[in-house]
Visitor: 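Submitted below is the structure of interest, expressed as structure tokens.
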There are 2 protein chains.
Amino acid sequence: MSIDSIAGPFQPGHNHKVCIRDAMNIAEQLCQSKDLRLTKIRKRVLELVWTGHEPATAYQLLKKLRAERENAEPPTVYRALDFLVEHNLVHRIESLNAFIGCDHPESEHVSQFLICSHCNQVAELDDSVTINNAVSEEANRLGFRVSDQTVEIMGLCAACQ
Amino acid sequence: MSIDSIAGPFQPGHNHKVCIRDAMNIAEQLCQSKDLRLTKIRKRVLELVWTGHEPATAYQLLKKLRAERENAEPPTVYRALDFLVEHNLVHRIESLNAFIGCDHPESEHVSQFLICSHCNQVAELDDSVTINNAVSEEANRLGFRVSDQTVEIMGLCAACQ
DNA sequence: GAAATTGTGTTATATTATAACATAATAATT
DNA sequence: AATTATTATGTTATAATATAACACAATTTC
């Protein structure tokens, strides 16, 4: 097993360059296939989001962007994030006011995260059917029609316990 | 069945004075039994939160508080909210940056909400075992130890569909 | 190539939240 | 009851997050 095959967050030894490369390739493909414009700014912000598996705040991203584009302002970043979030390339973590890259933007899904309060890394669940069913069940009981959900689970990842 | 017995949110006809009265009684009892100080400000902010089943932002509460206490400032409200949230009398809704009263602060529980995007009312689930189990199952699969969770389900309540 | 649409630049400001330090009120101790 | 310690509030300032509005540029459509 090469180091490249060790996947994603909560895996301290993983090769993050691979995560970035994969994410950018998927983004390019997705935007091409859906005829979306992955402009330079949007692409760069996406790369900056993928700097790590720790969520980044808009202003952290702005600071980095400014290092290379001195006229960047809050709207520059927020507009890029709006686009990226709209197309599932990035998710917003409500409890942190921060943003994290999504590694499967091509499949429609809701956001479900495990957030490690020690290393601050975030893992996205793969649209857990188990949780979705539980949510549906509760909503149905009350005649509530679900359109979206936010599931953010705080705790300690395996490596940090 | 008297109108008083029609419960809580998503029930347009319910007698909200009863919700408020009950919530305040429970708060008084809880604070007495736990030797917590439900000061005038805290009590008043709790009442203001209970104005309805729509979550209130800190600054909406501040505006109301100022109508009766002209020197109220942001810290006045945020400190009261800190206290109320700490003791489960109020929950913070992360996706709305807003606060909602809790009708069962005496039992330890995690926050799980149904949020109607039409009428803006919010119903708290009663610490759904179904959802908790689903969350635990997913977390266990990844060796993640859960300490807290945020579950916010957006959609349409029965009355608004 | 003209018109329409979409994206970016720029300035200003809205909204949400906290830091820091002074004073007041309450509780605990003597 | 007076002293001390603790907790709560008053007050000013500012940090952190996010959006409005309008001008201009780039791209797409016709």
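From a predicted model like this one, the values you see are computed outputs, not experimental measurements. Keep in mind that the numbers below use all heavy atoms, side chains included, and drop hydrogens, waters and symmetry copies.
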Visitor: Can you tell me the distance, in whole Å, between the OH atom of Y78(B) and the C1' atom of dA20(C)?
Guide: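 Interatomic distance, OH of Y78(B) to C1' of dA20(C): 18 Å.
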Visitor: How close or far is atom P of dA25(C) from atom CZ of R37(B), stated in whole angstroms?
Guide: 13 Å
Visitor: Can you measure N71(B) atom CG to dT9(D) atom P for me and round it to whole angstrom units?
Guide: 12 Å
Visitor: What is the ring orientation for F144(B) with F10(A), classed by angle as parallel under 30°, tilted 30 to 60°, or perpendicular over 60°?
Guide: parallel
Visitor: For dT8(C), take OP1 and OP2 only and decide whether either is under 4.0 Å from a side-chain N or O of T39(A).
Guide: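 Answer is yes, contact under 4.0 Å.
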Visitor: Return whichever of R42(B) or P74(B) has its heavy-atom-nearest nucleotide of DNA chain D closer to the 5' end.
Guide: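 In this pair, the answer is R42(B).
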Visitor: Whole angstrom is fine here: how far is it from CG in L65(B) over to P in dA8(D)?
Guide: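 In whole Å, dA8(D) P and L65(B) CG are 17 Å from each other.
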Visitor: Using heavy-atom distances to pick each residue's nearest nucleotide on DNA chain C, tell me which of D35(B) and A98(B) is more 5'.
Guide: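 This one resolves to A98(B).
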Visitor: By nearest heavy atom, map K40(B) and Y59(B) onto DNA chain D; which one lands nearer the 5' end?
Guide: K40(B)
Visitor: In whole angstrom, give the distance that lies between atom NZ of K63(B) and atom P of dA14(C).
Guide: 14 Å
Visitor: Between dT11(D), dT17(D), dT16(C), spot the one nearest the side chain of N97(A), thanks.
Guide: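 So the nucleotide nearest the side chain must be dT17(D).
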Visitor: Taking it one step at a time, do I153(A) and E138(B) satisfy side-chain contact (heavy atoms from CB on, under 4.5 Å)?
Guide: CA-CA 10 Å; I153(A) 304 166; E138(B) 288 299 306; 5.8 Å; no
Visitor: In whole Å, what is the span from the CD atom of E70(B) to the P atom of dG10(D)?
Guide: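 Value for this atom pair: 12 Å.
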Visitor: Given the structure, check if the side chain of R79(A) and the base of dG9(C) hold any donor-acceptor pair shorter than 3.5 Å.
Guide: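 Counting by modelled atom types and ignoring angles, a donor-acceptor contact under 3.5 Å is found here.
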Visitor: Would you confirm whether R42(A), through its side chain, and R37(A), through its main-chain N or O, come within 3.5 Å as a donor-acceptor pair?
Guide: yes
Visitor: As a test of reading the structure: which of dT9(D), dT16(C), dG9(C) is closest to the side chain of I41(B), going by heavy atoms?
Guide: dT9(D)
Visitor: Enter the distance from F99(A):CZ to L61(A):CG here, rounded to the nearest 0.5 Å.
Guide: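 Here the interatomic distance stands at 8.0 Å.
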Visitor: Given dT27(D), dT12(D), dA20(D), identify the nucleotide with an atom nearest to the side chain of P75(B).
Guide: dT12(D)
Visitor: Check the distance between dA8(D)'s P and K43(B)'s NZ and give it to me in whole angstrom.
Guide: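 Atom-to-atom, K43(B) to dA8(D), this comes out as 17 Å.
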Visitor: Answer yes or no: is there a side-chain heavy-atom contact under 4.5 Å between V77(A) and Y59(A)?
Guide: no
Visitor: I need the CG-P distance between L84(B) and dT9(D), as an integer number of Å.
Guide: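 Rounded to the whole Å, the gap is 10 Å.
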Visitor: Can you tell me which nucleotide in dT17(D), dT10(C), dG10(D) comes closest to the side chain of T76(B)?
Guide: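 For the T76(B) side chain, the nearest candidate turns out to be dG10(D).
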